Structures are given as structure tokens and as C-alpha cells.
Amino acid sequence: MVALERDELYTVIRTAVRDALLDVLGTVLLLGLALLFVATGARVLADPSSGGTALGIGGILVGFGIAASALGLGPSIRE
């Protein structure tokens, strides 16, 4: 087993924590964006005078796709 010095260990832990926090922030932002698409699509579907049924369904599907990607259920959009 390789012994790490204190400075090296600090650098490794700091980098790992920073990466984890950025991953969490990215996931939260993607879920917020997905919620925006789903809410906008639902609003378009709920308004019968807009006539944008396809647009509303498309917005909802895009929102679900972004949410699935953010949660690791689909292909990643971060890479």
C-alpha cells in the first residue's frame, strides 16, 4: 500500500469533494430545467385556445428526457 503524505491526501480529498458538489449542483440544475419544460408543456396542453398540443407534448417529453439523463436513467448530456 502506498502511503500518501498529508498534503497529497488533502489535495485528493479536496478534489473529490469539489467534484461531488459540482455533480450535485449539475443534477439539481438539470432537474430544475426539466421541471421548467414539463410545466411549460403542461401549461400549453391545459390552454385549449393555444392549439399547441404537439408543442405541449414535445415539451413534456423533453423535460422527462432531461430528468432521466440527470438521474442516470438515460444517456448523459454532461459528457
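None of these values were measured; they are calculated from a predicted model. The first residue of the sequence shown is numbered 1, and numbering continues consecutively from there.
- Within the 3.5 Å criterion, the main-chain N or O of Asp7 finds a donor-acceptor partner in the side chain of Thr11.
- Looking at every heavy atom in both residues, Ile60 comes nearest to Leu45 through CD1-CD1, 3.6 Å.
- Across Thr40, Leu35, Leu33, a single residue satisfies side-chain contact (heavy atoms from CB on, under 4.5 Å) together with Phe37, and that is Leu33.
- Distance check, rounded to the nearest 0.5 Å: CG of Leu30 to CG of Leu25 gives 9.5 Å.
- Note that the CG atom of Asp47 and the OG1 atom of Thr53 stand 10.0 Å from one another [nearest 0.5 Å].
- Arg18 is listed as a side-chain neighbour of Leu22, based on a closest heavy-atom distance under 4.5 Å.
- The hydrophobic cluster around Leu73 extends to Leu31, Leu71, counting ILVMFWY residues whose side-chain heavy atoms fall within less than 4.5 Å of a member.
- Annotation: the span from Asp19 atom CG to Arg14 atom CZ amounts to 11.0 Å, rounded to 0.5 Å.
- Heavy-atom minimum distance, Ala34 versus Gly63: CB-O, 3.1 Å.
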